[in-house]
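Owing to the predicted nature of the structure, the values given are computational and were not obtained by experimental measurement. Remember, it's 1-based here, ligands and their atoms both numbered in the order they're listed.
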Amino acid sequence: MTHSIKARTTLNNGSEMPWLGLGVYKLANGGEVEDAIRYALDIGYRSIDTASIYENEAGVGRALRDCGIPRDEIFLTTKLWNTDQRERRQLAAFEESLDRLGLDYVDLYLVHWPVADRFQETWPLMEEIYDSGRARAIGVSNFMQDHLEKLMDDCRIVPAVNQVEFHPHLVQPELLDFCERHEIRLEAWSPLMQGEVTDEPTIVALAKKYGKSPAQVVLRWDLQHGVVTIPKSGRPERIAENAGIFDFELAAGDMTLLDGLDQGRRLGPSPWQVDF
Ligand code: NAD
C-alpha cells in the first residue's frame, strides 16, 4: 500500500489522500511557508495541511498556484476555526479561506475542534459545503469517540478523516479502532512529538537498528497503523528526511514496542476542554 511518497489512501467518499503530507503550522505566511512548500513539492510531497488559524493560507495558496503542478495532483487541507463555529460564521469562514488561498476548492475541509454545543450544528453546514463541490471531502479534527458518535447520530455524510494528536506517547488504540470500523481515516498531528522523538531511547535504538532516523521510524509506524501523517518542518533537509519512510518496514515486534511507549500524554489541548 505505501511504497512511495505518492501513495494514497482512498477515503470513504472515494477521494484519494496521500499518506504523507507537509504540516505548515507556525510557518510564517510569505517566504517561509512558500519556500517549504516549493521544496516539498519538488521532492514529491503532494499534500499540504494548513488551517485558517495558522494565518498562512495566502502563502500556501500562492505556492500551490505558482508551482506548475496541476491542481488535481495536489491535496490541500484547511480547517474551520472555533470562533467561526461560536459566532455561526461557518459558511462565511469557508469562503474567506478560499479567498485567502485564491483557489476554487480544497480537497479536505476539517472542523478544527469539537466546540461543545456547536459542532453538531456545524456539521450540516460542512455537508452543505461538500454538496457545493468546493470541499472534495469533509472531516473533523480532535474528535473523541463520544464526539463522533454524537455527530454520526444525525449526519448524512460520515466524516472522511479525523485528524488527532497521535504519536508514541499518545496512541489512542480505541479511537483508532473505532475510526477504522467506521471508515474514518485517522490522521496524526504532532506525529514527531514536536521534535521529542529524538529524546526517546527506544525510538533511538530502533532508528539505529533500521539505519533510519528517529523521525523516520515513528512516521513509518504511523503508516503501518494505517494513519495518515503530516510532519512539519521548514528545513529542506528535514522535509526530505521525513519523506524517507517508504523503503523499509518495521517488524511486528517493533510496532508493538513502539505501541508500548503510550503514556496517554498530550502535548496539545484536550478535546474535552475546547475553551480557546
Ligand atoms: P510535529 O510533531 O510535526 O513536529 C514538528 C517539529 O519537529 C519541527 O518544528 C521540528 O522542530 C521537529 N522536526 C521536524 N522534522 C524533524 C526530524 N526529521 N527530526 C527531528 N525533529 C524534527 O508537530 P506539529 O507541527 O505540531 O504537527 C504537524 C502538523 O500537524 C502541523 O504543522 C499542523 O499542520 C498539524 N496540526 C494540527 C493540529 C490540529 O489541532 N488539527 C494541531 C497541531 C498540529
Side-chain angles (χ1 to χ4, degrees), residues 17-29 32-33 36-37 39-40 43 45 47-57 59-60 63 75-83 85 97 106-115 119 138-144 147 159 161-170 172 175 185-200 203-204 206-207 212-222 227-245 265-276:
M17 180 177 195
W19 284 103
L20 174 72
L22 179 73
V24 299
Y25 180 44
K26 289 189 180 159
L27 294 182
N29 196 24
E32 191 180 26
V33 79
I37 292 176
Y39 181 74
I43 63 165
Y45 281 73
S47 172
I48 308 294
D49 182 85
T50 186
S52 61
I53 195 70
Y54 302 169
E55 297 185 336
N56 57 16
E57 287 175 310
V60 169
F75 192 99
L76 173 67
T77 302
T78 193
K79 312 183 192 90
L80 172 70
W81 187 239
N82 304 340
T83 321
Q85 288 195 70
S97 278
V106 298
D107 296 278
L108 180 62
Y109 195 47
L110 300 178
V111 179
H112 209 143
W113 288 88
V115 175
F119 69 85
I138 50 172
V140 295
S141 178
N142 300 300
F143 275 48
M144 302 299 286
H147 300 121
V161 167
N162 185 16
Q163 183 186 110
V164 299
E165 183 178 342
F166 183 92
H167 47 66
H169 285 178
L170 184 69
Q172 312 192 69
L175 183 63
R185 181 61 62 193
L186 206 78
E187 180 180 16
W189 65 254
S190 290
L192 302 176
M193 307 200 296
Q194 298 172 8
E196 286 184 36
V197 288
T198 54
D199 304 331
E200 174 58 69
I203 298 172
V204 173
L206 285 175
K212 285 285 176 177
S213 71
Q216 289 168 331
V217 164
V218 171
L219 297 172
R220 180 72 208 179
W221 170 79
D222 290 341
V227 172
V228 168
T229 193
I230 46 167
K232 174 240 155 183
S233 179
R235 288 164 49 173
E237 69 279 11
R238 281 183 165 170
I239 294 174
E241 177 186 327
N242 296 341
I245 57 175
R265 181 172 81 100
R266 287 187 186 280
L267 303 173
S270 162
W272 300 115
Q273 258 189 318
V274 186
D275 52 4
F276 47 90

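Paired with Thr50 under the rule side chain to side chain donor-acceptor pair (under 3.5 Å), one option of Asn56, Asn29, Thr77, Thr78 passes, and it is Asn56.
With Trp113, Phe166, Trp189, Tyr54 as candidates, the residue nearest to atom 33 (C) of ligand 1 on a non-hydrogen basis is Tyr54. Considering only non-hydrogen atoms, atom 7 (O) of ligand 1 lies nearest to Gly195 out of Gly195, Ser190, Gly23. Distances from atom 6 (C) of ligand 1 to the heavy atoms of Gln194, Glu165, Met193 put Gln194 nearest. Taking each of Leu267, Thr198, Asn242 in turn, the one with a heavy atom nearest to atom 15 (N) of ligand 1 proves to be Asn242. For atom 16 (C) of ligand 1, the nearest non-hydrogen atom from the set Glu241, Arg238, Arg235 comes from Arg238. Of the candidates Leu27, Ile239, Ile230, Leu219, Ile230 brings a heavy atom nearest to atom 29 (C) of ligand 1.
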(request) Applying side chain to side chain contact (heavy atoms under 4.5 Å, CB included), run through Val140 and His147 and close with a yes or a no. (result) CA-CA 10 Å; Val140 295; His147 300 121; over 6 Å; no

(message) If you apply the rule salt bridge (Lys or Arg N to Asp or Glu O under 4.0 Å), what do you find for Asp49 with Lys232, and how did you get there?
(response) CA-CA 9 Å; Asp49 182 85; Lys232 174 240 155 183; over 6 Å; no

(request) Go through the steps for Phe276 and Trp113 under the test ring pair (Phe, Tyr, Trp, His ring centres under 6.0 Å), then give the verdict. (result) CA-CA 10 Å; Phe276 47 90; Trp113 288 88; 5.1 Å; yes

(request) With side chain to side chain contact (heavy atoms under 4.5 Å, CB included) as the test, would you mind laying out the steps for Leu80 and Gln85 before giving the verdict? (result) CA-CA 8 Å; Leu80 172 70; Gln85 288 195 70; 3.7 Å; yes

(request) Go through the steps to decide whether Tyr45 and Tyr39 satisfy the test ring pair (Phe, Tyr, Trp, His ring centres under 6.0 Å), and finish with yes or no. (result) CA-CA 9 Å; Tyr45 281 73; Tyr39 181 74; 8.4 Å; no

(request) Applying ring pair (Phe, Tyr, Trp, His ring centres under 6.0 Å), run through Trp221 and His167 and close with a yes or a no. (result) CA-CA 9 Å; Trp221 170 79; His167 47 66; 8.5 Å; no

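Residue-ligand proximity: Pro231 is placed with a non-hydrogen atom under 4.0 Å from ligand 1.
For the residue pair Asn142 / Trp189, a side-chain donor-acceptor distance below 3.5 Å is found, with atom types taken as modelled.
The distance from ligand 1 to the heavy atoms of Asp49 drops below 4.0 Å at these ligand atoms: 33 (C), 34 (O), 35 (C). Atoms of ligand 1 lying under 4.0 Å from at least one heavy atom of Asn142, given by number and element, are 39 (C), 40 (O), 41 (N). Ligand-side atoms of ligand 1 in range of His112: 39 (C), 40 (O), 41 (N), range being under 4.0 angstrom from any heavy atom.
With a 4.0 Å heavy-atom cut-off, ligand 1 is reached by no atom of Ser213. With a 4.0 Å cut-off on non-hydrogen atoms, Ala215 touches ligand 1 through its side chain and not its backbone.
Among protein heavy atoms, atom 2 (O) of ligand 1 sits closest to Leu192 N, 2.8 Å. Given atom 31 (C) of ligand 1, the protein heavy atom at minimum distance is Tyr25 CB, 3.5 Å. If you check which protein heavy atom lies closest to atom 25 (O) of ligand 1, you get Lys232 CB, 3.2 Å.
Distances between N or O atoms of Gln163 and those of ligand 1 include at least one value under 3.5 Å.
By the salt bridge (charged side-chain N to carboxylate O under 4.0 Å, His left out) test, Arg265 is found to be paired with Glu196, residues two or more places apart in sequence or in another chain being considered.
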Using distance only, find each side-chain donor-acceptor pair of residues 236-243 under 3.5 Å and give its atom names and separation, not counting sequence neighbours.
unit_1	atom_1	unit_2	atom_2	d
Glu237	OE2	Arg235	NE	3.0
Glu237	OE2	Arg235	NH2	3.1
Glu241	OE2	Ser213	OG	2.7
Asn242	ND2	Arg238	O	3.2

